[in-house]
Structures are given as C-alpha cells and as structure tokens.
Peer 1: 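Just passing along the structure, written as structure tokens.
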Amino acid sequence: MSNEYFISDAYLESCHILIGCMLQDKQAAAEIILRMTEKDFIFESHRLIFNTARKLFNEDSEITPQTIGSKTSDYIFKECKAMVDFTPSAVMWLDVWEMVKNSAAIYHAREFMEQIKLDTSMFTDIEELRTKAENLVNILSNKKRKNVFDYNELQVEYIQNLGVPRKFVDFGIDKLNRTARCPKNGLVVLAARPSVGKTAMALQFCRHLGEFCRVGFFSLETDRRTIMDRINAASAGVALEKLQDGNLTPLEVEHIICAARKKLNFKIYEASGYTSEQIRSDIVKDRLDIVFIDYLQLIQNANKKYSEYERVTYASTALKNIATELDVTVVALSQLNRNITKYEEPDPSDLRSSGQIEQDANVILFLYIPNDDELKNPDDIENQDALRWLKIAKAKEGRTGKFKMFFDGKHQRFIEDWVYFIEIENEFDKVVQQKFVTGA
C-alpha cells in the first residue's frame with residue numbers, strides 16, 4: 001500500500017494554512033522558518049516553496065506568491081496564491097505548525113518501518129537493525145537533541161578545527177575586544193550611573209558593528225530624534241548642544257550630510273513598554289545579529305502582578321535565552337543601585353533589581369568616573385568628569401580588569417587611553433574637515 005494513503009485532508013489543509021501564513025506576513029514567515037525545515041513537509045512542491053521562502057528571507061526580500069513564483073514556476077505561483085486565499089489570518093500558523101511537523105515525522109517513520117520490515121525478512125545483521133530502530137525513534141521524536149553530543153564525534157570535529165581562531169564580538173575598542181572576548185551568542189551587561197555615558201558607548205558600538213552585521217537598538221526610554229542627535233554629534237563632530245538648539249553653521253550642516261552618506265545596517269526601535277517577547281519577535285523578523293537594549297530594568301512583563309524583582313529577573317533570563325536560542329549577541333544596558341555614586345568602582349552585586357543579571361551575563365562591563373585618589377597629574381584633575389574607567393567585571397571567555405577611556409560628552413564619543421585625549425580632540429575636527437574637502 002502506498003504511503004500516500006495516510007495523508008489526510010486535515011494535514012493538507014494545515015499545510016496550506018501554514019504556507020499561506022508564511023506568504024502573508026513577515027513575522028509569521030520568520031517564526032515558521034525558525035521552527036521548520038524542508039523535511040517537515042511531505043510534498044515536494046511544499047518543500048520547494050519553503051526552501052525558496054527561506055532563501056528570500058535570508059536575502060531580506062519579500063516573501064509573496066509573486067516572489068516565490070518568479071524563482072520557481074507559474075504553477076508554483078498559482079499554488080501559492082491559492083494558499084494565501086485559503087488562509088483567513090496570518091496568526092493561524094500557531095494552530096497548525098506542530099500538526100504539520102508531526103504528520104511529516106509519522107509519514108517518514110512509516111517509510112522507515114517498511115524498510116526495517118524488508119531488512120528483517122532478509123536476515124540483516126542484528127546490530128544494523130538495532131541502529132535503524134534507534135533512528136526510527138529519533139524520527140518519531142521529531143526533535144534534534146541539541147544538547148547531547150557524542151564524545152568521539154566531538155573530538156573529530158575539534159581536531160578538524162584546530163588552528164581556526166574563535167570568533168568574538170568586535171566592539172571597535174581594541175582592549176575591550178582582546179580582554180572580554182564576548183561570544184557571538186552571549187549576553188553582555190553594560191552598567192553605569194545616569195549621565196556617565198552608557199547609552200553613548202552603546203551607540204558607538206552600534207555605529208561600528210553596523211558596518212558589517214545587522215544591528216538593532218531597542219530604546220525603552222529615549223525617542224529616535226534624541227538618539228539621532230547623539231549619533232550625529234559623534235559621527236559628524238558637531239557639538240550635541242548645537243544639534244539640539246538647531247544653531248548650525250553651513251559647514252556643520254555639510255559635516256552632518258557627509259557623515260550621513262555612510263550606510264549602516266542599523267535599526268532603531270522606539271520600544272517603550274516592550275516585553276521580552278516583543279523584543280524577540282522583532283529580532284526574528286528583522287534577522288538581527290546583535291541587539292542593544294536601553295535599558296534592562298525598563299523591560300515590561302505581561303504579568304502585571306510581578307514585583308520589580310520578579311519582572312527584571314524574568315527579563316534577564318529571557319534575554320539570555322534569546323541570545324542562545326537565536327544565536328545573537330544581546331547587549332543590555334543596566335542601572336546600578338542608588339547607593340553607588342558615579343565616582344565609585346561598582347561590582348556585579350551593585351546591578352539594580354535582581355541578582356539574576358549577574359548569573360545570566362557572559363560579560364559584565366561597568367563605566368565610572370575615577371575618584372580623586374586615582375588622578376595623578378594636573379590634566380587628569382582638570383578633566384576628571386570626562387575621564388572613565390571601563391571595568392570588565394565578568395568575562396566567561398576572557399579576563400577581568402579595567403582600562404582608561406575619555407568621554408567626549410560634547411561629541412558623545414569615547415576614546416581609548418585618556419592620556420591622548422587632548423591631542424585627539426584637537427585633531428578630530430581637522431580630520432572631519434579633510435574628509436569633507438577630499439570626499440574621502
């Protein structure tokens with residue numbers, strides 16, 4: 001008897017709804033592509049549609065019957081259009097995706113059972129039969145055991161990759177990169193007292209990372225205009241106060257236009273009131289590689305009865321899970337307890353609201369202003385409020401320690417090694433001017 005006999009009308013309807021949802025809505029497509037593989041579809045035409053949709057998604061192209069049809073055939077286009085017409089709402093994928101996945105597993109298991117039956121009749125080796133039976137169990141479980149690895153296979157994989165350097169996040173600050181060694185799927189916590197510069201540092205990271213990966217900045221407190229003021233102060237070398245007042249010279253306007261010509265793969269989300277689930281949804285939909293949350297203590301929860309401790313604990317763990325599950329880097333800005341001043345050296349126990357933050361983080365960074373006892377020369381004393389320690393308080397893959405930074409608040413940018421800040425400050429406008437004149 002052909003295995004086609006076991007394919008029910010309910011399966012076909014569910015499959016058509018699932019694909020219809022994927023073709024109707026970008027968010028639905030992202031979630032389906034995250035959960036499914038081509039093996040979760042029985043029919044070849046459905047597999048073709050899914051694989052084509054996945055390629056379009058990775059190219060950041062629209063997923064519609066037209067775009068699918070243009071890459072396949074007119075027949076597939078008509079089939080896709082019929083599925084969209086058949087699907088009343090894009091949210092219906094939640095009701096059918098597991099049924100489609102499980103039905104495909106059962107279908108493939110029946111094929112496998114027929115092969116085992118044939119092998120048994122031919123007196124196949126018992127060890128081979130046992131292996132096939134174990135494979136059948138894996139098919140029926142319909143889950144990849146991502147947390148279980150064979151030691152010998154791991155050693156082969158490890159030896160094959162000897163000499164290949166590990167990839168860590170490049171934040172654009174050499175000492176930080178070499179010391180913290182943040183993994184791609186890690187949770188980084190950047191904490192400081194208000195007005196010390198943690199948002200400015202995060203935006204500086206964003207501008208650097210946006211040159212070579214997809215970056216998302218979720219602002220739970222600050223509007224997009226204020227964020228753009230800070231970004232342009234740093235990238236164009238125009239004083240933040242002048243941008244806010246609108247009192248710009250023609251040359252400063254040209255500097256801003258010149259800086260704006262640089263294209264970055266960088267999205268800003270006005271995310272006031274967002275829950276961790278909403279953040280995850282946008283990460284999946286926009287296929288982000290690295291995410292900044294400004295800031296952790298403002299993430300909301302659907303359960304309004306949660307205390308602040310429960311809400312922040314939940315948010316911290318959720319961000320850690322997002323980093324691991326979606327293979328993205330999450331940088332969460334955090335407040336410190338109120339009893340810590342901006343001149344005191346913090347430690348992880350000073351993170352506000354929940355001790356879970358310390359447990360979840362791969363890397364913990366603190367920004368603070370050096371106290372009077374740490375200032376050794378007249379220049380340092382005169383510029384105390386512009387000097388910063390960047391402290392690496394936790395680094396699972398790297399080392400702890402701290403190093404000096406200079407915060408140019410006027411232009412919202414950080415410079416390594418404050419001993420050089422006067423020379424760099426004087427040269428910056430010359431560099432910007434030269435780039436504008438030469439078009440470099």
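The analysis underlying the following values was restricted to heavy atoms, covering all of them including side chains, and did not include hydrogens, waters or symmetry mates.
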Peer 1: Do we see a donor-acceptor contact under 3.5 Å between the side chains of Asn303 and Tyr314?
Peer 2: no
Peer 1: Only counting residues at least two apart or in another chain, list the ones meeting salt bridge (charged side-chain N to carboxylate O under 4.0 Å, His left out) with Asp286.
Peer 2: Lys26
Peer 1: Can you give each donor-acceptor pair under 3.5 Å made by side-chain atoms of residues 223-231, sequence neighbours left out, with the distance rounded to 0.1 Å?
Peer 2:
unit_1: Asp223; atom_1: OD1; unit_2: Arg225; atom_2: N; d: 3.0
unit_1: Asp223; atom_1: OD1; unit_2: Thr226; atom_2: N; d: 3.1
unit_1: Asp223; atom_1: OD1; unit_2: Thr226; atom_2: OG1; d: 3.4
unit_1: Asp223; atom_1: OD2; unit_2: Thr226; atom_2: OG1; d: 3.1
unit_1: Arg224; atom_1: NH1; unit_2: Glu270; atom_2: OE1; d: 3.0
unit_1: Arg224; atom_1: NH1; unit_2: Glu270; atom_2: OE2; d: 3.2

Peer 1: Test: ring pair (Phe, Tyr, Trp, His ring centres under 6.0 Å). Region: residues 174-205. Which pairs qualify, not counting sequence neighbours?
Peer 2: Phe171-Phe205
Peer 1: Which label fits Phe43 and His46: parallel for a plane angle under 30°, tilted from 30 to 60°, or perpendicular past 60°?
Peer 2: perpendicular
Peer 1: List the atom of Ser353, the atom of Val312, and the distance in Å for their closest heavy-atom pair.
Peer 2: CB-CG2, 3.7 Å
Peer 1: Can you find a side-chain donor-acceptor pair between Tyr368 and Glu344 that sits under 3.5 Å?
Peer 2: no
Peer 1: Under a 4.0 Å threshold between the charged nitrogen and the carboxylate oxygen, would Glu325 count as salt-bridged to Arg280?
Peer 2: yes
Peer 1: Is there a donor-acceptor pair under 3.5 Å between the side chain of Asn337 and the backbone N or O of Asn339?
Peer 2: no
Peer 1: Please determine whether a side-chain nitrogen of the Lys or Arg among Glu416 and Lys175 lies less than 4.0 Å from a carboxylate oxygen of the Asp or Glu.
Peer 2: no
Peer 1: Check the side chains of Gln356 and Asp360 for a donor-acceptor pair under 3.5 angstrom, ignoring hydrogens and angles.
Peer 2: yes
Peer 1: Indicate yes or no for a side-chain donor-acceptor contact from Glu241 to the backbone of Lys410 under 3.5 Å, with no hydrogens or angles considered.
Peer 2: no
Peer 1: So, the side chain of Gln278 versus the backbone of Thr275: is there a donor-acceptor pair under 3.5 Å, distance only?
Peer 2: yes
Peer 1: Under the side-chain contact (heavy atoms from CB on, under 4.5 Å) rule, collect the residues that match up with Gln335, sequence neighbours excluded.
Peer 2: Tyr295, Gln297, Arg352
Peer 1: For Lys55, look at atom NZ and say whether over 12 heavy atoms of other residues, nucleotides or ligands are found less than 6.0 Å away.
Peer 2: no
Peer 1: Compute whether any side-chain donor of one residue and acceptor of the other, for Gln412 and Asn232, lie under 3.5 angstrom apart.
Peer 2: no
Peer 1: Tell me the closest heavy-atom pair linking Thr72 and Ile68, and the distance in Å.
Peer 2: OG1-O, 2.7 Å
Peer 1: For the NZ atom on Lys267, are there more than 12 heavy atoms of other groups (residues, nucleotides or ligands in this structure) within a distance under 6.0 Å?
Peer 2: no
Peer 1: Throw together a table of side-chain donor-acceptor distances under 3.5 angstrom for residues 212-219, partners on residues two or more places apart or in other chains.
Peer 2:
unit_1: Arg214; atom_1: NE; unit_2: Arg287; atom_2: O; d: 2.4
unit_1: Arg214; atom_1: NH2; unit_2: Arg287; atom_2: O; d: 3.3
unit_1: Ser219; atom_1: OG; unit_2: Thr222; atom_2: N; d: 2.9
unit_1: Ser219; atom_1: OG; unit_2: Thr222; atom_2: O; d: 2.5

Peer 1: Is there a donor-acceptor pair closer than 3.5 Å between any side-chain N or O of Asp350 and the backbone N or O of Asp347?
Peer 2: yes
Peer 1: Please check this pair: side chain of Gln204 against backbone of Phe414, looking for a donor-acceptor N/O pair closer than 3.5 Å.
Peer 2: yes
Peer 1: Looking only at side-chain N and O atoms, does Thr67 offer a donor or acceptor that is under 3.5 Å from a partner on Glu62?
Peer 2: no
Peer 1: Is it the case that the side chain of Arg311 and the backbone of Ile299 share a donor-acceptor pair, with hydrogens and angles ignored and the cut-off at 3.5 Å?
Peer 2: yes
Peer 1: Taking all heavy atoms of Met36 and all of Phe50, pick out the closest pair and write down the distance.
Peer 2: O-CZ, 3.3 Å
Peer 1: Using a strict threshold of under 4.0 Å (side-chain N to carboxylate O), is an ion pair present between Lys305 and Glu310?
Peer 2: no
Peer 1: Mind listing the closest non-hydrogen atom pair of Leu351 and Ser334 along with its distance?
Peer 2: CD2-OG, 3.8 Å
Peer 1: Would you name the heavy atoms of Phe57 and Ile63 that are closest together and state the gap between them?
Peer 2: CB-CD1, 3.9 Å
Peer 1: If you look only at distance, which donor and acceptor atoms sit under 3.5 Å apart when one is on a side chain in residues 180-200 and the other is two or more places apart or in another chain?
Peer 2:
unit_1: Arg193; atom_1: NE; unit_2: Ile340; atom_2: O; d: 3.0
unit_1: Lys198; atom_1: NZ; unit_2: Ala192; atom_2: O; d: 3.4
unit_1: Thr199; atom_1: OG1; unit_2: Asp294; atom_2: OD2; d: 3.0

Peer 1: State, to 0.1 Å, how close Thr87 and Cys21 come at their nearest heavy-atom pair, and which atoms those are.
Peer 2: CG2-SG, 3.7 Å
